Structures are given as C-alpha cells and as structure tokens.
Amino acid sequence: MKDVVATKPRVIESNGKNGWYVYFSVKDPLTGKMCPVKIERGFRKCTTDEERKAWGKKLVREYTKKLKAGWTPWHQDDKIYDDEIVYKNEGERFGVRRKGRACVRLCASEFLQYKAKSLKPKTLSSYKSKMRIFCLWLEHNDYGEYDISAIDNKIILEFFNYVTNERDLDKVTVKTYQIKIHAFFDYLIKNRYVLSNPVHDIPAVRKKRDMAPRRIFKGDLRHLLETIKTEDPQLYLGCMMQFYCAIRPGTELRLLKIKHIDFWGRTIVINSLDAKNAHEEGVSIPEQLLALLTDVYHLQNYDPEMYVFGKHGIPGHKPLGKNNMRNRFNKFRDSLGLSRDYKYYSFKHTGASTLIEAGFNITEIMQHLRHSDIESTYHYIRRRKGNSSREIQENFPDPY
C-alpha cells in the first residue's frame, strides 16, 4: 500500500465573504500523523463569490503542484544563513549569505557549521566536497527546493546510482559518501527536521581500482634512496622518518616540530591535533634513525619550536606546503623511470612490511603503526602480505 503523505487540496466555501479557505492534510515527518492545513491567503481581498472561487482554484493548483514537488508546510520560516556549499572563489565574488527555508542547501550549511567545531580542516574539506556534490545533484534534478523531509530513500538511491555508474566512483569513495550523508541525516533527526534516516539499502559497489601506495621493491628502494640522499637531504630525512617510525607524511610529518622529538627517551610524540585518530601518540625511534637525526642533521641544536621540515631545506618557523615533499619525490621517481605506484607515502608501508618480514609479533607491529585495535593490524598485514608463508616460499618440494 502506498504511503500517503498529503491529501488533495480543495476549496472550503462559506456563505459570507469570510471563512473561505483551501484545505488539505500533510503528514508531519516528526510524528508520522496527518495534520490539517488551512490556507486563507487572499480570500478577503475578493469582492464576489465568483472571484473567491477563481482564487480558490488558483490556490488549489499552486499547492497541488508544490505538494507533488515535495513541499511541506513544516519549517516554513525563512532563515538567513551562511552557504557552506558554495566554492570559495564563488563566495568571494558573489557572497555566501542566503535566505531560504528548510531545503537541503540550508540544512547542509547548518550541518557543516556544526561539524566544523570538531573536525580537522582536511576532514571538514572532505565533508564539504561530498555535501556539495550531493546538493548540486539534488538541485540539478529539481529536488533542491524540496523540503528536507521530502528527501526519501528513493531519491537517495537515485543519487548513489549516479555516483556509482555515471561518475564511476570507486567502492571506498562511494562508502565515504554514504557515511557522510548518513551523518547529515542523523544530524537532521537530532534537530527534529526529519523523523527517519533515508540513507539505507545502498547497493554494494565492487572495488574498481586500488589507489593505495605500494611498498617499494628492494632494488628500486636502494636506487631511489641513494639518489635522494645525494640530491635532496631534506626529502631523504622525510623518507627515513616514514620508513623507521611509520609517521604519516601529511599533517603528522609536515607539522612535526623539534620539541616533539625526545632525543634522550628515543621517542617521537605525535600530538593530538595532528594525529589521524586525534589522540596524542608516541613512537619509538630506532637506532639508525636516531643517529641520522643527531649526527647528520643535528636537529637537537635547533630551536625546539621550529618545524623539522621548514623552508630552504632546514628546520624553520614555517612548515613546508602540503604537496611540497610529495611533488619533489614524484620528480625523483619519474626521472628514474620507476613505477608510479610508488608514492611518497610508500616509505611508511615499506618500513612496516620490513618489520612484518623480519618476524616481529602482531602486538609490536600494532603499537608501532599506532593502530587502535589488533583487527586493524591484521587487515593491514593481509592487505600487504596476503596469506604468504615463508616456509612454503623457501621449502616447497620440487616436482621431480
């Protein structure tokens, strides 16, 4: 049986000039009950019953069309809000102040302002990009002016069909869309905009491509590091810190300061603002890296407030740009004719794979990689090593 969300508008007549109105019922998304709606607008300006009938027919057509398009009388008050969906350059040219009712763009902007209080800039940027695509798709398909309560599972499935088939996005990216849009509707439920979350029963997407950085083959690793060590000592240090300490090259390594390195305790502290899981964490410094830090780069002699990776190839009070080290690595990789599957991030995975092959136990590897649980480490190992067995690799019997 089809779920009824509204009844057809009709004109209620009166014997006098007062009392005329258009009547219909609409389901309240918060209670699930049908609620009566009376539209009296404009009737009192009419002077005859014929004018009132004509005006009533006009209102019936207007509200029938609006109801079919997903409009509801809930959350009708106009709001002035900051449009968080607009691109930065658009905002600079045209401004970001908007006036509107509870459509998806207004609600998405409120949601992003709420998330901005707790998310790191990079994560917030991901939320904004996903919500921007979602809003633009809704607007392109004439769902943009729907009351947010009218965005149902059918529309959500249409959107995921779009990102999966037309945009040809990978499994991981589609899952990211699902998580973020689901969080958006959870926020709307909490704030009483909608009664239930329409993001469910999303068809599974197969993995189309693996963009994860590959570990670097030993022969390529030696050739690559020898070249970088000679021509770009700062980049070489970044590679070694990833390899030996499994420090992520983005925010963690780029914003690392001298004061975060305990040369006596032989640990590096990743503060909670920069760590991926938002927790302060410590990682052990192997002897080889400690000698590099103190005897070659002499980091202990610099101002503790300096960033390890500053401008001009030495520590400084300003960190390098986000893509600086990655772009420098890519130039070396390409000039040596190596596989583009090798990324700057590959040194972290190469170091971890070296520990796995050396026979370190799962707990030690989990602590070194700073995983929150053992299952994450098992998944990490299976992804990079598979179910390989050194015993089979080295002692497989000959066929004769």
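What you see is a predicted model; the values in this text were computed from it and never measured. Quick note: residue numbers are just sequence positions, from 1.
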A.B. asks: Sub-3.5 Å donor-acceptor pair from the side chain of S346 to the main-chain atoms of K343, do we have one?
C.D. replies: yes
A.B. asks: What I want to check is whether the side chains of D186 and N197 have a donor and an acceptor closer together than 3.5 Å.
C.D. replies: yes
A.B. asks: Sub-3.5 Å donor-acceptor pair from the side chain of Y297 to the main-chain atoms of P233, do we have one?
C.D. replies: yes
A.B. asks: Counting C-beta onward and ignoring hydrogens, is there a side-chain heavy-atom pair between I228 and L224 closer than 4.5 Å?
C.D. replies: yes
A.B. asks: Please assess E110 against R105 for the test salt bridge (Lys or Arg N to Asp or Glu O under 4.0 Å), listing each intermediate value before the final yes or no.
C.D. replies: CA-CA 9 Å; E110 289 183 355; R105 186 174 284 264; over 6 Å; no
A.B. asks: Heavy-atom count check: over 12 atoms from other residues, nucleotides or ligands less than 6.0 Å from F263 CZ?
C.D. replies: yes
A.B. asks: Provide the closest heavy-atom pair for F43 versus R52 in the form atom of the first, atom of the second, distance.
C.D. replies: CE2-O, 3.4 Å
A.B. asks: Given F347, which partner from the list F243, Y244, F329 fulfils the ring pair (Phe, Tyr, Trp, His ring centres under 6.0 Å) test?
C.D. replies: F329
A.B. asks: Quick one, V283 with T267, criterion side-chain contact (heavy atoms from CB on, under 4.5 Å). Give me CA distance, side-chain angles, the key distance, then yes/no.
C.D. replies: CA-CA 5 Å; V283 58; T267 58; over 6 Å; no
A.B. asks: If you measure from OG on S353 to NZ on K218, what distance do you get to the nearest 0.5 Å?
C.D. replies: 10.5 Å
A.B. asks: Which atoms form the tightest heavy-atom contact between L320 and Q234, and what is the distance?
C.D. replies: CD1-OE1, 3.5 Å
A.B. asks: Are F159 and Y177 close enough that their ring centers fall under 6.0 Å?
C.D. replies: yes
A.B. asks: With a 3.5 Å distance limit and no angle check, can you tell me whether E364 reaches the backbone of F360 through a side-chain donor-acceptor pair?
C.D. replies: no
A.B. asks: Is the shortest heavy-atom distance from the side chain of T173 to the side chain of V163 under 4.5 Å?
C.D. replies: no
A.B. asks: Do we see a donor-acceptor contact under 3.5 Å between the side chains of R328 and N324?
C.D. replies: yes
A.B. asks: Just do the salt bridge (Lys or Arg N to Asp or Glu O under 4.0 Å) check on R41 and E62 with the steps written out, would you?
C.D. replies: CA-CA 12 Å; R41 171 171 60 90; E62 176 187 339; 3.1 Å; yes
A.B. asks: Using 30° and 60° as the class limits, which term best fits the ring planes of F185 and F134: parallel, tilted or perpendicular?
C.D. replies: perpendicular
A.B. asks: Considering non-hydrogen atoms only, spot the tightest contact between R340 and R333 and give its length.
C.D. replies: O-NH1, 3.6 Å
A.B. asks: L355 and I362: same hydrophobic cluster, using ILVMFWY side-chain contacts below 4.5 Å?
C.D. replies: yes
A.B. asks: Check whether I155 and I189 end up in the same hydrophobic cluster, where Ile, Leu, Val, Met, Phe, Trp and Tyr are linked by side-chain heavy atoms less than 4.5 Å apart.
C.D. replies: yes
A.B. asks: If you round to the nearest 0.5 Å, how far is OH of Y187 from CG of L112?
C.D. replies: 9.5 Å
A.B. asks: Using side-chain heavy atoms (C-beta onward) and a distance below 4.5 Å, is N141 in contact with Y162?
C.D. replies: no
A.B. asks: Check whether the side chains of T47 and E51 place a donor and an acceptor atom closer than 3.5 Å, and report yes or no.
C.D. replies: yes
A.B. asks: Is C107 close to Y193 at the side-chain level, that is, under 4.5 Å between some pair of heavy atoms?
C.D. replies: yes
A.B. asks: Would you kindly confirm whether F184 and I179 end up in one hydrophobic cluster when ILVMFWY residues are joined by side chain heavy atoms under 4.5 Å apart?
C.D. replies: no
A.B. asks: Would M241 and L256 count as a side-chain contact (heavy atoms from CB on, under 4.5 Å) here? Give the steps.
C.D. replies: CA-CA 11 Å; M241 293 186 77; L256 186 71; 3.5 Å; yes
A.B. asks: Within this structure, what is the CE-CG distance for the pair M240 and L225, rounded to the nearest 0.5 Å?
C.D. replies: 4.0 Å
A.B. asks: Do the side chains of V11 and W20 get nearer than 4.5 Å, heavy atoms only?
C.D. replies: yes
A.B. asks: Checking the side chain of S335 only, and the main-chain atoms of K331 only, is there a donor and an acceptor separated by less than 3.5 Å?
C.D. replies: yes
A.B. asks: Do S284 and C245 have side chains that approach each other closer than 4.5 Å (heavy atoms only, starting at C-beta)?
C.D. replies: no
A.B. asks: Atom NZ in K180, atom CD1 in I133: separation rounded to 0.5 Å?
C.D. replies: 14.0 Å
A.B. asks: In Å and rounded to the nearest 0.5 Å, what is the NE2 to OG1 distance from H349 to T354?
C.D. replies: 12.5 Å
A.B. asks: Using the rule given for side-chain contact (heavy atoms from CB on, under 4.5 Å), can you reason through Q242 versus T350, listing the C-alpha separation, both sets of side-chain angles and the distance that settles it, and then say yes or no?
C.D. replies: CA-CA 9 Å; Q242 284 189 70; T350 304; over 6 Å; no
A.B. asks: Ignoring hydrogens and geometry beyond distance, is a side-chain donor-acceptor pair present between E226 and Y236 at under 3.5 Å?
C.D. replies: no
A.B. asks: Is there a donor-acceptor contact under 3.5 Å from the side chain of R214 to the main chain of D341?
C.D. replies: no
A.B. asks: Is D232 reaching over with its side chain to a backbone N or O of L235, donor-acceptor style, under 3.5 angstrom?
C.D. replies: yes
A.B. asks: Is it the case that atom CZ in R266 sees more than 12 heavy atoms from other parts of the structure closer than 6.0 Å?
C.D. replies: yes
A.B. asks: Does L336 form a side-chain contact (heavy atoms from CB on, under 4.5 Å) with H223? I'd like the steps, not just the answer.
C.D. replies: CA-CA 9 Å; L336 295 172; H223 190 27; 3.6 Å; yes
A.B. asks: So which heavy atom on I202 is nearest to which on L157, and how close?
C.D. replies: CD1-CD2, 3.9 Å
A.B. asks: Name the orientation class of the two ring planes belonging to Y23 and Y21 (parallel below 30°, tilted from 30 to 60°, perpendicular beyond 60°).
C.D. replies: perpendicular
A.B. asks: With a 4.5 Å cut-off on side-chain heavy-atom distances among I, L, V, M, F, W and Y, is there a chain of contacts connecting I39 to I12?
C.D. replies: no
A.B. asks: Restricting to non-hydrogen atoms, name the atom on T176 and the atom on K130 that form the minimum distance, rounded to 0.1 Å.
C.D. replies: CG2-CE, 4.0 Å
A.B. asks: Under 3.5 Å, side chain of H182 to main-chain N/O of Q178, donor-acceptor pair present?
C.D. replies: no
A.B. asks: Quick one: do the Y342 and D220 side chains pair a donor with an acceptor below 3.5 Å?
C.D. replies: yes
A.B. asks: With distance as the sole criterion, is a donor-acceptor pair present between the side chains of N323 and N327 under 3.5 Å?
C.D. replies: no
A.B. asks: Starting at CD of E305, measure out to NZ of K259 and round the result to the nearest 0.5 Å.
C.D. replies: 4.0 Å
A.B. asks: Does the N153 side chain pair with the main chain of H200, one donor and one acceptor, at a distance under 3.5 Å?
C.D. replies: yes
A.B. asks: Given the rule in the side-chain hydrogen bond (donor to acceptor under 3.5 Å, both in side chains) test, do Y143 and E158 qualify, once you have shown the distances and angles that lead to the verdict?
C.D. replies: CA-CA 11 Å; Y143 299 129; E158 286 182 31; 3.0 Å; yes
A.B. asks: Could you tell me whether the side chain of S25 and the main chain of M34 form a donor-acceptor pair under 3.5 Å?
C.D. replies: no
A.B. asks: For the residue pair V205 and L169, what are the closest heavy atoms and their distance?
C.D. replies: CG1-O, 4.3 Å
A.B. asks: For a 4.5 angstrom cut-off between non-hydrogen side-chain atoms, does I285 reach I261?
C.D. replies: yes
A.B. asks: Does a side-chain heavy-atom distance below 4.5 Å link H368 with I365?
C.D. replies: no
A.B. asks: Tell me whether L290 shares a hydrophobic cluster with V269, the cluster being built from Ile, Leu, Val, Met, Phe, Trp, Tyr side chains joined at under 4.5 Å.
C.D. replies: no
